[in-house]
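Since the structure comes first, as structure tokens, the remarks are kept for the end.
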Amino acid sequence: VIHRIVSAGDWFGEDTLTEDPRRGTAAEILQEAVIFSIPRFVLLSFAEGRPGFWHLLASSLSGRQRFAEMKNEMLCTEDVETRIVHFVRTLAQRLKQDGQSSDFMIPLSQSELASLIGATRETTSTTLNMMARKGMLKLGRRLLIVPSIEGLEPATVGDAELQTFSASAPGGARS
């Protein structure tokens with residue numbers, strides 16, 4: 001299950017600060033990236049006496065909790081197309097535009113997107129193909145191409161609330 005996509009500058013693996021440090025968080029890189037690994041004792045030493053750090057950590061975790069609650073609500077109340085539109089729109093806004101075109105390139109396979117939105121690969125594939133026929137997006141090998149964020153319109157109403165929430169939702173590495 002893909003829990004979230006981490007954006008540039010975001011962090012993951014902070015569970016090792018309070019839990020058994022041998023427990024790890026797994027992540028995969030979707031785009032070229034630089035990842036810094038900070039040993040637990042170094043981070044704890046840095047954070048000692050810095051309440052601002054703990055405030056930042058609490059704020060980040062609170063945002064992730066709100067994001068998880070929103071995602072769970074969507075799983076219960078929204079159809080697959082609406083979930084796809086929401087997550088593809090959010091990812092397109094977070095990922096850099098390709099320098100050669102105005103298209104937004106999202107390096108996810110249909111199976112990975114299905115895992116992110118909580119649907120089967122078959123249902124996700126069928127819905128993506130229907131969206132591609134409508135011109136909402138283009139499909140490539142392990143790639144979703146969004147010609148226009150504005151062109152992503154779900155078939156159902158109610159996505160405006162999700163757009164508002166996504167602006168404040170934290171990024172997500174698959175973890």
Side-chain angles (χ1 to χ4, degrees), residues 1-13 24-35 60-61 63-175:
V1 174
I2 298 173
H3 294 283
R4 63 191 183 96
I5 306 292
V6 175
S7 299
D10 200 0
W11 53 13
F12 67 95
T25 300
E28 293 178 32
I29 297 173
L30 295 176
Q31 293 182 311
E32 188 174 322
V34 175
I35 297 178
S60 174
L61 295 176
R64 289 183 192 174
Q65 178 67 30
R66 284 190 313 275
F67 180 78
E69 290 169 1
M70 179 274 309
K71 187 173 177 181
N72 285 337
E73 182 179 335
M74 285 184 69
L75 288 171
C76 296
T77 62
E78 302 295 343
D79 64 13
V80 172
E81 181 181 354
T82 301
R83 294 191 316 247
I84 288 173
V85 166
H86 171 71
F87 282 100
V88 167
R89 181 183 291 141
T90 301
L91 290 171
Q93 290 169 336
R94 286 194 185 130
L95 297 173
K96 263 198 243 180
Q97 276 186 289
D98 178 66
Q100 306 216 339
S101 73
S102 61
D103 294 343
F104 293 87
M105 313 295 245
I106 302 172
L108 282 179
S109 69
Q110 293 182 16
S111 180
E112 290 166 332
L113 180 62
S115 179
L116 182 64
I117 67 163
T120 64
R121 188 202 55 77
E122 293 80 6
T123 300
T124 301
S125 177
T126 300
T127 306
L128 285 170
N129 283 315
M130 185 253 331
M131 292 171 71
R133 283 191 300 276
K134 290 180 182 178
M136 296 168 70
L137 49 79
K138 299 173 192 168
L139 303 174
R141 183 166 172 76
R142 288 193 45 83
L143 186 66
L144 299 173
I145 304 163
V146 180
S148 163
I149 292 177
E150 294 78 26
L152 287 174
E153 292 297 329
T156 59
V157 181
D159 197 48
E161 301 163 4
L162 298 175
Q163 282 181 347
T164 302
F165 182 82
S166 70
S168 64
R174 296 183 291 180
S175 62

For Met131 and Val88: C-alpha separation, side-chain torsions, deciding distance, then whether side-chain contact (heavy atoms from CB on, under 4.5 Å) applies. CA-CA 12 Å; Met131 292 171 71; Val88 167; over 6 Å; no
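- Closest of all the heavy-atom pairs between Thr82 and Glu78 is CG2-OE1, 3.4 Å.
- Inter-residue side-chain proximity for Pro107 and Arg142 is flagged as unmet; no heavy-atom pair is nearer than 4.5 Å.
- Side-chain contact between Lys71 and Leu116: present, with at least one pair of heavy atoms (C-beta onward) separated by less than 4.5 Å.
- You'll find the side chain of Glu69 stays beyond 4.5 Å of the side chain of Arg64, heavy atoms only.
- Counting all heavy atoms, side chain and backbone alike, Leu152 lies closest to Met136 at CD2-O, 3.6 Å.
- Looking at every heavy atom in both residues, Pro147 comes nearest to Gly135 through CG-O, 4.4 Å.
- Phe67 CZ to Asn72 CG: the interatomic distance, rounded to the nearest 0.5 Å, is 10.0 Å.
- Between Arg83 and Gly118, the shortest heavy-atom distance links the atoms NH2-O, 3.3 Å.
- For the pair Ile117 and Met74, the minimum side-chain heavy-atom distance is 4.5 Å or more.
- For Glu122, there are no side chain to side chain donor-acceptor pair (under 3.5 Å) partners at least two apart in sequence or on another chain.
- Residues passing the side-chain contact (heavy atoms from CB on, under 4.5 Å) test with Leu143 are Met105, Ile145, sequence neighbours excluded.
- Residues passing the side chain to side chain donor-acceptor pair (under 3.5 Å) test with Ser148 are Glu150, sequence neighbours excluded.
- Scanning both residues, Thr124 and Ala114, for their nearest heavy atoms gives OG1-CB, 3.2 Å.
- Among residues two or more places apart in sequence or in another chain, the side chain to side chain donor-acceptor pair (under 3.5 Å) test is passed with Ser111 by none.
- The side-chain contact (heavy atoms from CB on, under 4.5 Å) search around Leu139 returns Gln110, Leu128, Asn129, Ala132, Leu137, Leu144, not counting sequence neighbours.
- Between the OG atom of Ser115 and the CZ atom of Arg121 there is a distance of 13.0 Å, given to the nearest 0.5 Å.
- Every residue meeting the side-chain contact (heavy atoms from CB on, under 4.5 Å) condition with Thr123, not counting sequence neighbours, appears here in chain and number order: Val80, Thr120, Thr127.
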